[in-house]
Amino acid sequence: MDHSTSRAFGLSVLLVCGMLHGIACQPVDYHAAVTKSLLYFEGQRSGKLPEDNKLQRVQWRGDSALQDGADAGIDLVGGYYDAGDNLKLGFPMAFTITMLSWSTIEMVSQLQAKQELANALLAIKWGTDYLIKAHPQPDVLYAQVGQSDSDHGCWQRPEDMTTPRTSFKIDAQHPGSDLAAETAANSDSQYSSTLLMHAKQLFDFARDHPGLYQDSIPYAGKSYSSSGYHDEMLWAAAWLHRATNEKPYLDYVEQAQDIGGTRYAFSWDDKYLGAQLLVAMLVLEGKVDNAGKWAEYRSHAEEFICSCIQKGSMNRKRTPGGLLSFAQWDNIQCVATATFATIVYSNYLAAKNASVNCAAGNANPFDLAAFVKSQVDYILGSNPKNMSYMVGYGANYPKRIHHRGASIISIKQDPTPVTCGGGYTWCHSNAPNPNVLDGAVVGPDKNDGFSDDRENFQLGEPTTYNIGPLVGPNPDRVCADEDVGPLRGWIVTSHIAQGSDPYMYIPILT
């Protein structure tokens, strides 16, 4: 992203279904929203793209960054560009892949019904294949490819990049617990075993060599500066326990001195709520007692959810149109993760016929799902501007998002190289982007305002971690007075699966 001290936040994907209170729902093409959210990841791919157009449906993209890692004598080709630039950044990429994995697991049947499961798994594997490459030794992890200063000083298609592709790593002498504990892995038979091996090694690396990764890689702090690593360590241990059921990881979570308290937001930089939510699920499942430290985790998770649904002791602010308002910069990520946390917890509550005891009264699973619906509706068009904030969804959506590849004519239409400075002709143009980056999500400011201007990178630059939390299998219709059951299908949510289901991609560390 084009900023030095960013706290990115973002996404939610789905439908326009009318206003929540009393207005009848309108038919919505859920399948299109699901498809577009996954198409976005194909548009962000780095490396050698699949030749089969069924595996690479975004046809305006071409191969790029095929020499990544060459400066360090390692193959770092692949992975995802994080936003509208051409950098590959391990910290947000790992969070993206874990959230996408978590989003996919629980609603496998819905994705399968929409014929999108294979695409979701491919999107995950494109990321995990890269993360495996980036971890060539137990105590070595490559964190970044590209330099933010030079990259942000150019406006080029990824296929034309002429900027330095420097590789940056952390190791035992230059640690980064936040990055190591953030790096995700997923599953499937032999591949699962490989990922689990990497995950365990990375956890040990992070625990044994504590430190902030930007202290070892100053360039990293220019784009995604970490505020601390204790949240990533908890988050990693909670996932490793859920994936392996091994007690040492659960003990790590229980013995932690800092469990975060009630958080303001859940983001690529702050995973405390994610860990709290995983523990709260253990409590609901009866796998740990609802007492002591475990009860504290649950209480913090539930207080966050209460504050989002406006039943807490300190409720989150909202825009006049009803969208949660966390930050001036890329607010949509915090909306996405808050929505994700709420719907996944709603699912668990419904399974146990339970509710949340908020300061302003009990909240049942339907209350939580209704809140989720209000946020998703807003993003897909039920807002004061009557604009879908998902690119390519509906007729009225942002046409000039801040994105290099989308804003310059496709290399397949015009292979003439676009120079570093020459690309700014496209950047400064008032014309719509020549390439539609389907599924990209941006969002408004705290007053429901939005300027569809390519220079508006604060609100108009889509990111991978905006899409990762919420992928999108939905029912055909959902109305506020319907049973909560269908609402659970609205958003892909998930928990770690035990066993060897070949469809389960398990996020291990993030």
Side-chain angles (χ1 to χ4, degrees), residues 1 3-14 82-83 91-92 95-96 99 103 223-228 231 235 260-277 300-345 358-359 368 371-380 382-385 389-390 440-451 456-470 491:
M1 297 182 69
H3 50 86
S4 60
T5 56
S6 67
R7 282 190 188 263
F9 310 93
L11 169 283
S12 143
V13 306
L14 294 332
D82 78 295
F91 198 38
F95 180 68
T96 295
M99 294 306 293
S103 294
S223 297
Y224 292 92
S225 180
S226 173
S227 61
D231 55 329
W235 180 228
T262 301
R263 306 308 292 173
Y264 177 74
F266 178 26
S267 74
W268 60 263
D269 183 42
D270 190 334
K271 320 302 189 314
Y272 278 115
L273 179 70
Q276 293 165 358
L277 195 64
H300 292 316
E302 292 186 349
E303 176 56 30
F304 175 86
I305 290 171
C306 289
S307 72
C308 290
I309 66 172
Q310 307 299 297
K311 285 194 171 187
S313 57
M314 294 183 66
N315 292 331
R316 295 295 174 265
K317 293 180 180 179
R318 294 184 294 179
T319 69
L323 188 72
L324 287 175
S325 181
F326 292 91
Q328 293 182 353
W329 198 313
D330 194 14
N331 177 63
I332 207 71
Q333 189 212 157
C334 279
V335 175
T337 49
T339 303
F340 176 89
T342 303
I343 196 64
V344 73
Y345 203 57
C358 296
L368 273 60
F371 155 77
V372 169
K373 177 183 182 299
S374 73
Q375 301 301 289
V376 170
D377 281 359
Y378 184 109
I379 292 170
L380 286 187
S382 185
N383 57 61
K385 294 187 76 69
Y389 286 105
M390 174 182 279
V441 175
V442 294
D445 62 24
K446 63 181 181 180
N447 296 313
D448 299 307
F450 180 78
S451 174
N456 180 19
F457 59 85
Q458 295 92 339
L459 296 173
E461 182 178 13
T463 63
T464 55
Y465 42 85
N466 285 2
I467 304 294
L470 307 173
I491 296 175

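Sequential numbering from 1 along the given sequence is applied to the chain's residues.
Shown here are the disulfide bond (SG atoms under 2.5 Å apart) partners of Cys308, two or more places apart in sequence or in another chain: there are none. In terms of the side chain to side chain contact (heavy atoms under 4.5 Å, CB included) criterion, residue partners of Thr96 (sequence neighbours excluded) are, by chain and number, Phe41, Thr464, Tyr465. In this structure, the side chain to side chain contact (heavy atoms under 4.5 Å, CB included) partners of Asp448, at least two apart in sequence or on a different chain, are Thr319, Pro320, Tyr378, Pro384. In this structure, the side chain to side chain donor-acceptor pair (under 3.5 Å) partners of Glu302, at least two apart in sequence or on a different chain, are Arg298, Tyr345. Contacts of Phe304 classified as ring-ring contact (aromatic ring centres under 6.0 Å, His included), with partners at least two apart in sequence or in another chain: none. Remark: Ser451 engages no residue in a side chain to side chain donor-acceptor pair (under 3.5 Å) (not counting sequence neighbours). Contacts of Lys446 classified as side chain to side chain contact (heavy atoms under 4.5 Å, CB included), with partners at least two apart in sequence or in another chain: Ser325, Gln328.
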For this session: Kindly determine whether Asn456 and Gln458 satisfy side-chain contact (heavy atoms from CB on, under 4.5 Å), including the steps that lead there.
Result: CA-CA 5 Å; Asn456 180 19; Gln458 295 92 339; 3.6 Å; yes
Exercise. Hey, mind stepping through Leu368 and Ile343 against side-chain contact (heavy atoms from CB on, under 4.5 Å) and telling me if it holds?
Worked result: CA-CA 7 Å; Leu368 273 60; Ile343 196 64; over 6 Å; no
Exercise. Between His300 and Leu277, does a side-chain contact (heavy atoms from CB on, under 4.5 Å) hold up when you go through it step by step?
Worked result: CA-CA 9 Å; His300 292 316; Leu277 195 64; over 6 Å; no
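Using a 4.5 Å heavy-atom cutoff, the side chains of Val442 and Ile332 are not in contact. Side-chain contact between Leu324 and Gln375 is present, with heavy atoms from C-beta onward closer than 4.5 Å.
Residue pairs that meet the salt bridge (Lys or Arg N to Asp or Glu O under 4.0 Å) test with at least one member in residues 316-327, sequence neighbours left out, do not exist here.
Within the 6.0 Å centre-distance limit, the rings of Phe450 and Tyr389 are counted as a close aromatic pair.
In this model, a donor atom of one side chain and an acceptor atom of the other lie less than 3.5 Å apart for Tyr224 and Asp82.
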